[in-house]
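For clarity, every value in this text was computed on a predicted model and none was experimentally measured. Order of the sequence lines sets the chain letters (A, B, ...), proteins ahead of strands, with each chain counted from 1.
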Amino acid sequence: MKVRQLVILLLSLMVIQCSEPEVTSRNYPRVSTLDVTNVSSVGARFNAEVIYLGDFEILSYGFVWSESDGPELGISEKKIFDGSNFTVNFSADIKTTLSNGIRYYVRPFVMTNKYTVYGKTVSFYSKGSGFPTISSFTPTTGKVGDTIEISGTDFSYRKGSMVVKFDSHVADIVSTSDTLIHVVVPPTLSSAQSAVRVSVVGAETIAPVKFTLN
Amino acid sequence: MKTLIVLIFFSLISSITFGQRDFRPGYIITLTHDTIAGTVQYRSNTKSYKGCTFDNGVTITDYDATQLSGYGFFNDKYYPSGIVKDEFVEMLVGGKMSLYKHNNVYFIRKTGDDKFHRVEANDVTAFAGTRAVKVKDQKWRGLLSALSADCSKGNDTREMKLTEKEMTAFVIAYNQCALSSYAVFKSNKPWSKLEFGLSAGIQATTLNTSGSAQAPFLLNKYTSIDPTFGFTFDVTSPRLGGRVGIHAEAMFTKLIFAGLAVAGNQYHDVLVRLTTLSIPIGPAFHFPGEKLQVQIMGGLNIDHHLRSETKLISETVSGSVVYTYESEAFSINRNQIGYWAALTLGKTFGDFRGRVNLKYVQAGQLSHVERAIDASKLSVSLIVSKL
């Protein structure tokens, strides 16, 4: 072999080998947790990447977080996106549910028709978060014991993170998600009109319209 | 299997190496003092003492010391006969005081004195308290002082070492002091020469573990094939024949190892990234040839990991839920000390020399995970150096 051919062979091999190893396949998608970014007094951004997708259809995806290690769907705070908007790199801007100075554990998840796959858990110290928004509630009039549906954004899936009040009267939360809350008009309420107030980990928002008691 | 292939390759190349002949312009002097020019086989000193192989352009003939007065190479070594029985010796300096060498023994003869004075350091037994120890006798210093007594500038033998370099300097000093003309054979050859080269190639590295017996996430073997590049340094002594020298390298390699181990419902991906500076250093033996120059070398290898990272990504499948965990797979020892051996085939192109270097390194322990993880490397690289 001539020297020139040998040099070309060596250089070719050097170029070929300068690559990362392939991600190994599974019978489920694989998700990698990226660092939490944009941590500030109004929230934080959670980030993730699906490193192996295969032919799997992602039905939903998002993040779960809590103050203890190992957050899970069902018991922890969560942000869920519909699978129709899925991209392999995904993020979520979390604007509520984070208290200042608390260490949170967060991990992403993706769901297929067979598996729920969690990425590894990462932690960060929160600098706080902002306020939920109330867009409307219905019905706007009612009597004690009625169930009211409150619509908005950045509510919490966890009842324990939220307090709903009619003026100063605390209402029982029937069900909650990040955009809808069902509450019962408190039995102690007597004012003809009262402010509907929703707070998430202490950050309170008041509805623009007052509730009228029949 | 890989070791077997390497051994076969080295054996094959060695047989080619030793089969090569290196003829250089030279001459023989017959017993009737006729000088015949031609080419003479250039060999190690030990073989050169036994005899010479001379090519007059028509035939190649082997001579021993009883058949010639001497032989030599133009502007290089000269081997006269008649000093040691049935063998040639190498003449280092000719003058009022002449110096000859045969293995580790030197001979000095002064003009007008027919005797060749043997200069050597023999082992003698001395006593340190009651303990007998072997030491070199120092009689040769007195002999040299006596031989140079007629010229005071060249006779300080107290700090001398019995080496070719210092003996040559001593005899030259004497001849200069005695205002004698003298000839130093090999004088156009430097005592030491540094050859600096650039090297680039490919390296296959294998990490050997005890597999799952060692840790559930480990495979028995991880392999990485990576480019490697760096510098080479060769130090030789052309004056002393140039056959033995020191070879050293500083080679940079970026390595990536990856492997998946499956244990029941657990999947373990191990990833190891290393940026390594390898410094092999050791003696090199040169075998000059007409077409190819061959070097066999080996010695101590030091691997210093400039950057290192290991990652273990474990996934546990629990029913329809998959949990992912990440941690360090194992710690990396910053330095690995091992040994190496290499074979180099070279060719000269004008002022440059190109060499293909095949090297095997047993690199020692990379890490400790219950038991050790060690590494072995096989590389082929191209070295280009300026002569």
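The closest side-chain donor-acceptor pair between B:S376 and B:Q362, if any, does not fall under 3.5 angstrom. One side chain, A:S123 or A:R103, offers a donor N or O that lies under 3.5 Å from an acceptor on the other. Neither side chain, B:S381 nor B:R355, offers a donor N or O lying under 3.5 Å from an acceptor on the other.
With respect to chain A, the highest number of heavy-atom pairs below 4.5 Å among B:E326, B:K254, B:E315 belongs to B:E315. Taking chain A as the reference chain and counting heavy-atom pairs below 4.5 Å, the highest number among B:V262, B:I313, B:V317, B:L260 is found for B:L260.
Both the backbone and the side chain of A:Y115 come within contact range of chain B, judged by heavy atoms closer than 4.5 Å.
Ring orientation note: the planes of A:Y118 and B:Y323 are close to parallel, at an angle under 30° on the 30°/60° scale.
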